Amino acid sequence: MKDVCIRAGEFGDLASVLALERATVEAPHWSEAEYAAAIGGSGDYLRRCLFVADVEGALIGFAVGKVAGNSAELESIAVDLQARRGGVGRALCGVVIDWCKRAGAAAVELEVRASSESAIRLYQGLGFVPVGRRPRYYSGPVDDSVLMRLELP
Ligand SMILES: CC(C)(COP(=O)(O)OP(=O)(O)OC[C@H]1O[C@@H](n2cnc3c(N)ncnc32)[C@H](O)[C@@H]1OP(=O)(O)O)[C@@H](O)C(=O)NCCC(=O)NCCS
């Protein structure tokens, strides 16, 4: 694969982020305004970050994180189908985790569809452990959620 650049998301990325999100059934679906609010990471108590992966200006992935007080969440991640298994998902998670750490979080949590085997393997590889399960938490299609947690050193 050509050189992948992992960087903070900008307003000019919003249309591509939305297009990728809409094409990714497993990802939570947000409005453009919600992604826009994640840019810049402002806010006193609750702050969000948006990181993107691009190859020569073409967006191939994004991830969103949130910190509120000392708790943090990896809220969403998606990598373009054609670019998967190239380490982009791991790299995006890494920058979100670092951002949470710098923002003072003691741990990062997330919630994922129980059927999303690729995502669960990705998270386990980064040290996340399952800490709970919510039956039938998701609709369209119905699925359990798995709660996972990574303690930050
Ligand atoms: C989950 C997702 C982000 C992974 O992105 P990716 O760029 O393909 O992941 P990486 O190449 O960095 O893979 C890292 C590790 O994750 C695991 N993994 C990723 N895809 C996998 C798959 N299809 N099957 C098994 N393990 C997989 C592997 O352990 C992999 O390490 P390895 O390649 O050294 O074996 C991507 O599959 C995706 O966008 N899925 C749809 C959206 C989604 O499920 N998001 C999570 C809920 S918000």
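For ligands, and for the atoms within them, numbers begin at 1 and follow the listed sequence. Note that the structure is a prediction, hence the values are computed from the model and not measured. Just so you know, these numbers use all the heavy atoms, side chains as well, and skip hydrogens, waters and symmetry mates.
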Colleague: Using distance alone, with no hydrogens and no angle criterion, decide if Glu111 and Ser145 have a side-chain donor and acceptor under 3.5 Å apart.
Modeller: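 Looking only at side-chain atoms, Ser145 and Glu111 do form a donor-acceptor pair, the distance falling under 3.5 Å.
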Colleague: State which residues pass ring pair (Phe, Tyr, Trp, His ring centres under 6.0 Å) with Tyr138; sequence neighbours excluded, sorted by chain then number.
Modeller: none
Colleague: Quick check on contacts: which atoms of ligand 1 are under 4.0 angstrom from a heavy atom of Gly87?
Modeller: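 Near Gly87, meaning under 4.0 Å from one of its heavy atoms, ligand 1 has 10 (P), 11 (O), 12 (O).
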Colleague: Can you report which non-hydrogen protein atom sits closest to atom 42 (C) of ligand 1, along with the distance?
Modeller: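 So the nearest neighbour among protein heavy atoms is Thr24 CG2, 3.4 Å.
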Colleague: Taking heavy atoms and a distance under 4.0 Å, where does Pro28 meet ligand 1: side chain, backbone, both or neither?
Modeller: side chain
Colleague: For Ala27, is at least one N or O under 3.5 Å away from an N or O on ligand 1?
Modeller: no
Colleague: For ligand 1, is any non-hydrogen atom under 4.0 Å from Leu122's backbone (N, CA, C, O), its side chain (CB onward), both, or neither?
Modeller: both
Colleague: For atom 3 (C) of ligand 1, which of Leu20, Ile77, Leu74 has the closest heavy atom?
Modeller: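 The option holding the nearest heavy atom is Ile77.
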Colleague: Out of Arg90, Glu117, Arg121, indicate the one that has the non-hydrogen atom closest to atom 32 (P) of ligand 1.
Modeller: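 It is Arg90 whose heavy atom sits nearest to atom 32 (P) of ligand 1.
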Colleague: Provide the closest heavy-atom pair for Leu18 versus Ser31 in the form atom of the first, atom of the second, distance.
Modeller: CD2-C, 4.5 Å
Colleague: Look at atom 23 (N) of ligand 1 and say which protein heavy atom is nearest, naming residue and atom and giving the distance to 0.1 Å.
Modeller: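 Minimum-distance protein heavy atom for atom 23 (N) of ligand 1 reads Ser118 CB, 3.5 Å.
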Colleague: Is Asp54 salt-bridged to Arg7, cutoff N-O under 4.0 Å?
Modeller: yes
Colleague: Counting both backbone and side chain atoms, is some N or O of Ala91 under 3.5 Å from an N or O of ligand 1?
Modeller: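 No; every N/O pair is 3.5 Å or more apart.
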Colleague: Show me which atoms of ligand 1 lie under 4.0 Å from any heavy atom of Ala78.
Modeller: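 Near Ala78, the atoms of ligand 1 are 39 (O).
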Colleague: Please determine whether any non-hydrogen atom of Tyr123 lies less than 4.0 Å from an atom of ligand 1.
Modeller: yes
Colleague: Taking all atoms of both residues into account, what is the closest heavy-atom pair of Arg133 and Ala114, and its distance?
Modeller: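 Heavy atoms only, the tightest pair is NH2-CB, 3.4 Å.
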Colleague: Got more than 12 heavy atoms from elsewhere within 6.0 Å of CZ, Arg22?
Modeller: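 Enclosed.
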Colleague: Nearest 0.5 Å please: distance from the CZ atom of Arg90 over to the CG atom of Leu126.
Modeller: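 Arg90 atom CZ to Leu126 atom CG measures 7.0 Å (nearest 0.5 Å).
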Colleague: Using a strict 4.0 Å threshold on nitrogen-to-oxygen distance, state whether Glu26 and Arg113 make a salt bridge.
Modeller: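 Judged by the 4.0 Å cut-off on N to carboxylate O distance, Glu26 and Arg113 do not form a salt bridge.
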Colleague: Going by side chain to side chain contact (heavy atoms under 4.5 Å, CB included), name the residues that satisfy it together with Asp98, two or more places apart in sequence or in a different chain.
Modeller: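 Scan of Asp98 (side chain to side chain contact (heavy atoms under 4.5 Å, CB included), adjacent residues dropped) gives Lys101, Arg102.
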Colleague: Heavy atoms only: which of Arg84, Glu26, Arg85, Glu21 is nearest to atom 24 (N) of ligand 1?
Modeller: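 Nearest heavy atom to atom 24 (N) of ligand 1 lies in Arg85.
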Colleague: Does an N or O anywhere in Ala83 fall below 3.5 Å from an N or O of ligand 1?
Modeller: no
Colleague: I want to confirm something. Looking only at heavy atoms, which of Ser76, Gly125, Gly89, Gly86 is nearest to atom 7 (O) of ligand 1?
Modeller: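 That would be Gly89.
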